[in-house]
2 protein chains.
Amino acid sequence: MPGRLQRKAIDSLAGGDLADFKVGVDNVIFSVDTEQNRLLVLLVMRHDDPFLGYWSLPGTLVRHGESLEDAAYRVLSEKIRVENLYLEQLYTFGGPNRDPREAENSFGVRYLSVSHFALVRFAEAELIADGVSGIAWYPLSQVPTLAFDHNSILDYGYQRLRNKLEYSPIAFEVLPQTFTLGDLYQLYGTVLGPDFADYSNFRARLLKLGFLRDTGQKTSRGAGRPASLYCFDADAFEPCKDKPMVFI
Amino acid sequence: MPGRLQRKAIDSLAGGDLADFKVGVDNVIFSVDTEQNRLLVLLVMRHDDPFLGYWSLPGTLVRHGESLEDAAYRVLSEKIRVENLYLEQLYTFGGPNRDPREAENSFGVRYLSVSHFALVRFAEAELIADGVSGIAWYPLSQVPTLAFDHNSILDYGYQRLRNKLEYSPIAFEVLPQTFTLGDLYQLYGTVLGPDFADYSNFRARLLKLGFLRDTGQKTSRGAGRPASLYCFDADAFEPCKDKPMVFI
DNA sequence: GCAAAAGTGTTCCGACTACACCCATGC
DNA sequence: GCATGGGTGTAGTCGGAACACTTTTGC
């Protein structure tokens with residue numbers, strides 16, 4: 001290892017032994033099909049090397065003057081049309097050799113992926129199919145081997161989803177504007193596995209939190225008593241925003 | 001915006017409108033001085049432009065063939081000698097213009113910071129002073145205005161510290177190998193603020209978790225009954241690793 | 001009427017809170 | 001003895017788990 005002063009001198013030559021990076025953004029985009037009771041993730045087919053013909057998470061490389069978040073929103077808007085969505089940064093994967101485009105010895109340009117995590121409403125989300133690129137909602141249980149390290153990223157995103165469900169109101173980003181408590185319960189069951197909690201206790205707990213507003217409307221789905229339609233009341237939630245909270 | 005196919009053609013020319021990045025790693029390194037009951041963060045003085053003469057988080061730019069985590073460990077090892085430490089990735093800050101070295105129009109090279117969060121044992125940590133570079137433990141309450149967006153990064157790290165204290169056993173990474181339950185209580189008080197919990201309840205809860213082993217040794221510090229020295233039993237903790245857990 | 005789904009209530013039990021109280025040591 | 005900090009115990013209360021029960025619909 002070169003001495004500290006020597007290294008600094010090298011570094012200041014705007015190159016030296018420092019790696020040059022291209023920065024990518026890869027999005028783990030989840031949605032839930034409440035009809036079919038399935039947790040879905042958005043995948044796109046690759047049409048270029050490397051990993052030509054593999055499915056991958058929708059991603060892009062960051063452009064001049066573009067923030068990481070901007071890039072993440074751009075990928076989303078290129079793939080789906082959606083009104084509301086939730087998006088947050090997930091993790092940055094940046095080991096050498098995670099992308100085959102890097103030269104063998106890692107002395108070429110490096111590829112780094114700042115992954116993001118997004119939730120969209122299934123009914124509102126319209127996939128943008130351009131006739132060329134494959135794009136599809138995959139049930140999480142049927143996801144194939146993906147390009148790059150995208151299976152790891154997906155796993156990480158799924159874990160985040162489960163954690164977030166338990167202590168933050170992200171469920172309402174995936175549900176339609178109005179929903180029944182049964183829908184909400186099903187959503188939790190779909191993500192966390194059935195038997196994650198007793199229905200009537202779940203119900204009581206959520207209502208006690210105080211930010212679910214009964215719209216007065218009812219909905220009837222086949223047999224059984226019609227259910228009240230609720231909506232998430234953001235104003236009522238505001239005061240609890242920074243307090244810890246348990247949903248399950 | 002150019003059409004999709006056209007954009008792809010441009011991108012494939014290995015340049016186009018894609019930004020080029022240097023990737024930095026900045027570490028929020030915490031420690032706790034149990035004697036003086038203070039939460040400390042490690043800062044270094046900058047000796048180069050930009051922000052010459054400002055304090056900053058210890059950081060470095062990532063080199064060829066080096067992973068993000070490797071780079072984070074390297075910074076640490078250049079600044080302090082320490083046996084055990086805890087380190088995890090925090091967040092990636094990557095907006096354009098966060099670093100004045102970027103050209104005004106952001107069409108030059110961009111600087112991205114993958115921040116990390118570290119905990120070290122105060123007594124074990126020996127600062128490496130090379131006679132040139134300033135380096136110091138700063139009490140969190142006395143941190144000045146830092147270089148770049150490092151104050152934001154520090155805030156983010158402090159929040160992570162407080163969250164982690166509540167549901168994961170990171171406290172034992174900062175405490176000495178053996179410690180009294182009073183030490184542990186004080187540590188929590190130092191970070192979360194006093195009156196975060198009643199002492200005897202805190203005590204009962206921690207002991208019930210089952211991974212604090214009484215070493216049999218006693219320690220006497222001035223007046224008062226001597227306290228038992230405990231240590232963290234990693235084996236006993238293993239089974240609870242993935243279960244939710246509450247420390248406060 | 002009966003099945004199905006929504007919605008309500010009640011009992012039990014464990015966990016957390018807030019204290020009061022004993023123990024061992026230095027001075 | 002008494003101040004100081006370590007350590008134990010307990011009564012009251014809150015909240016979650018389990019489950020029984022009522023209500024409203026379709027058929």
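This is a predicted model, so every value here is computed, not measured. Chain letters run A, B, ... following the sequence lines, proteins first, then strands; residues in each count from 1.
For the pair B:G224 and B:L229, both in contact range of DNA chain D, the more 5′-proximal nearest nucleotide belongs to B:G224.
Nearest nucleotide to the side chain of A:S228, out of C:dG7, D:dG7, D:dC19: C:dG7. Nearest nucleotide to the A:K208 side chain, out of C:dA6, C:dC16, D:dG16: D:dG16. Here the nucleotide nearest the side chain of B:R225, chosen from C:dC19, C:dC23, C:dG26, is C:dC23. Residue B:A227 places its side chain closer to D:dG7 than to any other of D:dG7, C:dG26, C:dA4. When distances are taken from the side chain of A:S200 to each of C:dT25, C:dT8, C:dG7, the shortest belongs to C:dT8. For A:D198, the listed nucleotide lying nearest its side chain is D:dC19; candidates were D:dG26, C:dC19, D:dC19.
Taking atom CZ of B:F247 as the reference point, atom P of C:dC16 lies 13 Å away to the nearest angstrom. Atom CG of A:D195 is separated from atom P of D:dA17 by 13 Å (rounded to the nearest Å). Put simply, CD on A:Q217 is 18 Å from C1' on D:dT25, counting in whole angstrom units. Between the CZ atom of A:F202 and the C1' atom of C:dG7 there is a distance of 14 Å, given to the nearest Å. Between the NZ atom of B:K218 and the P atom of D:dG6 there is a distance of 12 Å, rounded to whole Å. D:dG16 atom P lies 11 Å from atom CG of A:L206, rounded to whole Å. Summarising the geometry, the separation between CZ on A:R203 and P on C:dT10 is reported as 16 Å, rounded to the nearest angstrom. Put simply, CG on B:L209 is 11 Å from P on C:dA15, counting in whole angstrom units.
With no hydrogens or angles considered, no side-chain donor-acceptor pair links B:T215 and B:T178 at under 3.5 Å. Remark: the A:D26 side chain and the A:S113 side chain contain an N/O donor-acceptor pair separated by less than 3.5 Å.
For D:dA17, one of the phosphate oxygens OP1 or OP2 lies less than 4.0 angstrom from a side-chain nitrogen or oxygen of A:R205.
No side-chain donor-acceptor contact under 3.5 Å links B:R203 to the backbone of B:G182.
Counting non-hydrogen atoms of neighbouring residues, nucleotides and ligands closer than 6.0 angstrom, the OH atom of B:Y54 reaches no more than 12 such neighbours.
Using a cutoff of 4.0 Å between basic side-chain nitrogens and carboxylate oxygens, B:E78 and B:R74 are scored as salt-bridged.
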